[in-house]
Amino acid sequence: MSEERGARHLGRTILSLLVAVDQRCPAIIGQAHVLYHACLHASPNDLTKMFAQLKREADDLGGAIKQVEDAMKNTR
């Protein structure tokens with residue numbers, strides 16, 4: 001990959017990360033609040049579902065971070 005193409009790819013990947021952070025961080029924070037406030041009153045099944053949603057959001061964000069990491073390695 002040429003240096004210029006690598007830099008463009010890295011830029012697009014970082015832009016995707018910014019979008020993921022913008023979308024996922026509020027969802028992660030919100031889901032953590034819901035989980036916290038529900039822990040005394042929700043059923044174990046409901047808590048499991050809430051936690052699974054929080055984990056999916058965090059995993060999606062982690063995937064976007066991994067893509068930037070890989071793009072950075074490929075531009076060196």
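- Between the CD1 atom in Ile65 and the CZ atom in Arg24 there is a gap of 12.0 Å [rounded to 0.5 Å].
- Between Ile29 atom CD1 and Leu54 atom CG the span is 10.5 Å, to the nearest 0.5 Å.
- Looking only at side-chain heavy atoms (C-beta outward), Met50 and Gln31 come within less than 4.5 Å of each other.
- The hydrophobic cluster containing Val19 does not contain Val68, counting ILVMFWY residues as joined when their side-chain heavy atoms lie under 4.5 angstrom apart, directly or transitively.
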Could you walk me through whether Lys66 and Asp70 pass the side chain to side chain contact (heavy atoms under 4.5 Å, CB included) check? CA-CA 6 Å; Lys66 176 75 171 120; Asp70 291 345; 2.8 Å; yes
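- Between Gly6 and Thr75, the shortest heavy-atom distance links the atoms O-CG2, 3.1 Å.
- Across all non-hydrogen atoms, the minimal contact from Thr13 to Ala71 is OG1-CB, 3.9 Å.
- Rounding to the nearest 0.5 Å places CG of Leu17 at 11.0 Å from CG of Asp22.
- Leu61 contributes atom CG, which lies 5.0 Å from atom CD1 of Ile28 (distance to the nearest 0.5 angstrom).
- For the atom pair CG (Asp59) and CD (Glu57), the distance works out to 9.5 Å, reported to the nearest 0.5 Å.
- A pairwise comparison of heavy atoms in Pro26 and Val21 identifies CD-O, 3.8 Å as the closest pair.
- Met72 and Leu18 end up in different hydrophobic clusters when Ile, Leu, Val, Met, Phe, Trp and Tyr side chains are linked at under 4.5 Å.
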